[in-house]
Visitor: 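Below you'll find the structure I mean.
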Amino acid sequence: MLPHADGAPADGPLIDSYGRIATDLRVSLTDRCNLRCSYCMPADGLDWLADETLLWPDEFIRLIRLAVTRLGVISVRFTGGEPLVAKDLERIIATTAAIRPRPEIALTTNGIGLARRAERLRAAGLDRINVSLDSIDAARFAAITRRDRLPDVLAGLVAAKGAGLEPVKVNAVLDPQTGLQDAVSLLRFCLQHGYQLRIIEQMPLDAEHRWQRGAALTADEVLGALRRHFTLRPHPAPRGSAPAQLWQVDAGPATVGVIASVSDAFCSACDRTRLTADGQIRSCLFATRETDLRSALRGGADDEAIEAAWRGAMWIKPAGHGINDPDFVQPARSMSAIGG
Ligand code: SAM
């Protein structure tokens, strides 16, 4: 029997028991990655998910189609691990782009290999891209990611812009020691190249459980450091369900976004539902329960049964991520295995 929470509506939008509606699907296409960011995974990598547990491209496509056509999902973001190392990415994007109503399609990537593929991804139907980049200093980049690949990421950014994947967004998670300096130089770099910087507070989702509340930089600390070099004014546009608080830089129109996932959580506006590379639905990054759609798919479940299981999984979404609660428990999966 597929799990099904009592009370989940049988149709309509993908709603949870607190009334939030999930319209944004995050799909982790693989847990593997070619970087080893210290706040995410150990230097030697992780025990990757076993091949036979990973969804096949056609299984991802079936679930994405079902989410769009039966559950009201309107945007799909591919992530990982590193989605550029996943099988058949362009085909999955092209098939997603053919679904009606057509969802908006976005990708979160570390940018390695993007220089070669940006045009193809755009042609397949990719609408938007976020490239992760935590420092534009080559030595610091290598120290954070444990790989000397800054030039590849910079080339990927140029190619993304050239392919028209605009606005190109840069996601940065700051190092507790050097991050305030990195934030300033990243913002200068993004202003110069026309990229939109998003700074994300580091969350307790590292595989080694080294995250420490007092050590990670907060949004306020980052804004304080940026204000010593730039004038920041709150952006007038309503924030809606966007995780980033947007600031206009100097006279504008350039902006910088700060995502205060820990110090000022935005769970009450969360509109996400997550599918892991091994076919589990997670209602929250920090969920400790998952709903196994892979077994359902492979056991021959029809679309009605899978839809009911997905609805049940979201119905029990917790009110908040609980990071700041005294009894907070870090989820067993780390960010790379959930899909950031
Ligand atoms: N490999 C792709 C990339 O680098 O963008 C996609 C997956 S990665 C897990 C997605 C995003 O999650 C990246 O921007 C990464 O910096 C961020 N991330 C990873 N671990 C994190 C953590 N502990 N706290 C906050 N963000 C994290």
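Throughout, residue positions are numbered sequentially from 1 according to the sequence presented. Both counts, for ligands and for their atoms, begin at 1 and track the order of listing.
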Visitor: How would you list, by chain and number, every residue that makes a side-chain hydrogen bond (donor to acceptor under 3.5 Å, both in side chains) with Asp250, sequence neighbours excluded?
Guide: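 In terms of side-chain hydrogen bond (donor to acceptor under 3.5 Å, both in side chains), with neighbours along the sequence ignored, Asp250 is linked to no residue.
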Visitor: Which residues pass the side-chain hydrogen bond (donor to acceptor under 3.5 Å, both in side chains) test with Arg65, not counting sequence neighbours?
Guide: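 None.
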Visitor: Between ligand 1 and the protein, give all atom pairs where both partners are nitrogen or oxygen and the distance is under 3.5 Å, as lines of names plus distance to 0.1 Å.
Guide:
{"unit_1": "ligand 1", "atom_1": "1 (N)", "unit_2": "Gly81", "atom_2": "O", "d": "2.8"}
{"unit_1": "ligand 1", "atom_1": "1 (N)", "unit_2": "Glu82", "atom_2": "OE1", "d": "2.9"}
{"unit_1": "ligand 1", "atom_1": "4 (O)", "unit_2": "Ser132", "atom_2": "OG", "d": "3.3"}
{"unit_1": "ligand 1", "atom_1": "5 (O)", "unit_2": "Thr109", "atom_2": "O", "d": "3.3"}
{"unit_1": "ligand 1", "atom_1": "5 (O)", "unit_2": "Ser132", "atom_2": "OG", "d": "2.5"}
{"unit_1": "ligand 1", "atom_1": "14 (O)", "unit_2": "Ser132", "atom_2": "OG", "d": "2.7"}
{"unit_1": "ligand 1", "atom_1": "16 (O)", "unit_2": "Tyr39", "atom_2": "OH", "d": "2.9"}
{"unit_1": "ligand 1", "atom_1": "23 (N)", "unit_2": "Tyr39", "atom_2": "O", "d": "3.3"}
{"unit_1": "ligand 1", "atom_1": "23 (N)", "unit_2": "Met203", "atom_2": "O", "d": "2.9"}
{"unit_1": "ligand 1", "atom_1": "24 (N)", "unit_2": "Met203", "atom_2": "N", "d": "2.8"}

Visitor: So that I can tick it off, tell me whether Glu104 and Arg128 are bridged by a salt bridge, with the cut-off set at under 4.0 angstrom between side-chain N and carboxylate O.
Guide: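 Yes, charged N to carboxylate O under 4.0 Å.
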Visitor: Of Asp47, Asp278, Asp206, which is the lone residue that meets salt bridge (Lys or Arg N to Asp or Glu O under 4.0 Å) with Arg333?
Guide: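 Only match with Arg333 under salt bridge (Lys or Arg N to Asp or Glu O under 4.0 Å): Asp278.
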Visitor: So does Arg102 pair up with Asp127, basic N to acidic O under 4.0 Å?
Guide: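 Looking at Arg102 and Asp127, the cut-off is met.
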Visitor: What residues, two or more places apart in sequence or in another chain, satisfy ring-ring contact (aromatic ring centres under 6.0 Å, His included) together with His229?
Guide: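 His229 satisfies ring-ring contact (aromatic ring centres under 6.0 Å, His included) with no residue once adjacent residues are dropped.
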